[in-house]
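Since the structure is predicted, the reported quantities are computational estimates derived from the model, not experimental observations.
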Amino acid sequence: MSKQPPFDFEAASQPVATRAGAGLAKIGIALKHHAWRDGSPERLTPTQGQTVVILKNARRGLRLDEIAAALGVTAPTASEAVKSLVQKKFAARRSCKDDGRAVSVTLTARGEELADRVANWPDFLLRALDTLDAAEQTAFLRSLMKIIRGLQDAGDIPIQRMCIGCRYFNPHSHADPVRPHHCAFVDAPFGDRHLRLDCNEYEAAAPNAARSNWGAWSGNAPASGIEGAI
Ligand code: SF4
């Protein structure tokens with residue numbers, strides 16, 4: 001009896017990127033179903049939830065065009081989200097201090113309290129991420145940053161306030177393999193596990209510096225910042 005050839009997984013598999021993209025889409029569906037729905041009894045839409053978080057992180061009033069840019073949506077879409085938040089008394093419109101004709105949007109005390117709740121990742125997702133060990137979580141954070149940067153470059157999402165595009169970020173400037181990077185804002189070394197995805201102190205690096213930092217950080221160095229894992 002002739003022996004069957006071994007199953008050819010390579011020929012039978014879609015590219016890894018295709019399957020990983022399908023996995024991300026599944027997570028996106030789960031987030032859509034759970035994330036903002038659980039954030040408040042008022043059942044915020046994703047755009048309303050993101051608007052609350054953006055206003056909280058800005059720590060000042062934002063004009064409608066600034067909110068639309070941060071969300072990566074059109075002005076009418078941002079306007080609808082703000083209108084709903086104002087009606088629910090989570091946000092208020094005020095005249096801008098520097099231009100009496102312009103209007104800025106700020107959170108009310110109720111909106112601030114809501115933002116504290118919805119800014120955190122939903123519990124169901126945190127529980128799933130806790131199944132990764134420390135090294136896996138850091139490697140995942142690195143991969144996420146690379147994906148987000150790709151989306152930024154393609155214009156699919158607005159610029160995010162991440163370390164890798166920040167003028168204070170100095171990648172691989174220390175010999176310590178656990179904390180090889182340096183943040184010039186706080187003047188301290190740090191590792192990949194401490195990278196920020198949305199930092200209030202972020203300031204965009206000049207294009208040349210951002211490119212050079214990206215090259216230095218995104219090489220093949222293993223994820224840093226895990227004691228004992230190097
Ligand atoms: S200021 Fe914030 S974003 Fe910039 S390098 Fe430091 S921690 Fe990262």
| query | What do the steps show when you test W217 against L195 for side chain to side chain contact (heavy atoms under 4.5 Å, CB included), and what is the final call? | reply | CA-CA 11 Å; W217 176 78; L195 287 165; 3.7 Å; yes
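- Between T45 atom OG1 and Q50 atom CD the span is 8.5 Å, to the nearest 0.5 Å.
- The two atoms that bring A205 and A209 nearest to each other are CB-CB, 4.3 Å, heavy atoms only.
- Clustering ILVMFWY residues whenever any of their side-chain heavy atoms sit less than 4.5 angstrom apart, transitively, puts M145 in a cluster other than the one holding Y168.
- Here the side chain of T138 pairs no donor or acceptor atom with the backbone of A135 at under 3.5 angstrom.
- Rounded to the nearest 0.5 angstrom, R211 CZ and N208 CG are separated by 5.0 Å.
- Ring-centre distance between H181 and H174: not below the 6.0 Å cut-off.
- Under the 4.0 Å criterion applied to side-chain N and carboxylate O atoms, R60 and E66 are assigned as salt-bridge partners.
- Here the closest non-hydrogen pair linking P158 and A70 is CG-O, 3.1 Å.
- Between the side chain of T106 and the backbone N or O of G61, no donor-acceptor pair lies under 3.5 Å.
- Using a 4.5 Å cut-off on side-chain heavy atoms (C-beta onward), R193 and Q137 make no contact.
- Across every non-hydrogen atom of E201 and F185, the tightest pair is CG-CE2, 2.9 Å.
- With a 6.0 Å cutoff to the six-membered ring centre and a 45° limit on the axis angle, R179 does not count as a cation-pi contact of F190.
- In this structure, Y202 OH and R196 CZ are separated by 15.0 Å, a value rounded to the nearest 0.5 Å.
- To the nearest 0.5 Å, atoms CD1 (I147) and CD1 (I157) are separated by 10.5 Å.
- Summarising the local packing, CZ of F7 is surrounded by more than 12 heavy atoms from other residues, nucleotides or ligands at distances under 6.0 Å.
- The distance from the CD1 atom of I164 to the CG atom of L197 is 8.5 Å, given to the nearest 0.5 Å.
- Considering only heavy atoms from C-beta on, V52 comes within 4.5 Å of L114 through its side chain.
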| request: Could you please spell out the steps behind the side chain to side chain contact (heavy atoms under 4.5 Å, CB included) verdict for D116 and K56? | output: CA-CA 8 Å; D116 287 338; K56 172 83 180 175; 3.2 Å; yes
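- In this structure, E136 and L132 approach most closely via the heavy-atom pair OE1-CA, 3.3 Å.
- Hydrophobic clustering, with ILVMFWY side chains joined whenever heavy atoms are under 4.5 angstrom apart, keeps I159 apart from W214.
- Under the salt bridge (Lys or Arg N to Asp or Glu O under 4.0 Å) criterion, the residue pairs touching residues 161-172 are R161-D198, R167-E203, with sequence neighbours excluded.
- Counting only distance, with no hydrogens or angles, the side chain of N170 and the backbone of C183 share no donor-acceptor pair below 3.5 Å.
- No side-chain donor from either of R93 and S104 sits under 3.5 Å from a side-chain acceptor of the other.
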| request: Could you please spell out the steps behind the side chain to side chain contact (heavy atoms under 4.5 Å, CB included) verdict for I148 and M162? | output: CA-CA 9 Å; I148 291 170; M162 304 191 294; 3.7 Å; yes
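- Within a 6.0 Å sphere centred on NZ of K146, heavy atoms belonging to other residues, nucleotides or ligands number more than 12.
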| field | R59 vs E112, salt bridge (charged side-chain N to carboxylate O under 4.0 Å, His left out): CA-CA, chis, key distance, verdict | value | CA-CA 10 Å; R59 298 191 288 198; E112 292 274 349; over 6 Å; no
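- Residues S84 and E80 form no side-chain contact, since every pair of their non-hydrogen atoms from C-beta on lies 4.5 Å or further apart.
- In terms of the ring-ring contact (aromatic ring centres under 6.0 Å, His included) criterion, F140 has no residue partners (sequence neighbours excluded).
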| request: Give the C-alpha distance, both sets of side-chain angles, the deciding distance and a yes or no for side chain to side chain contact (heavy atoms under 4.5 Å, CB included) between I67 and T51. | output: CA-CA 7 Å; I67 295 171; T51 303; 3.9 Å; yes
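- A donor-acceptor pair under 3.5 Å is absent between the side-chain atoms of S13 and the main chain of E10, judged by distance alone.
- Within the 4.5 Å cutoff, side-chain heavy atoms of P15 are placed close to those of T18.
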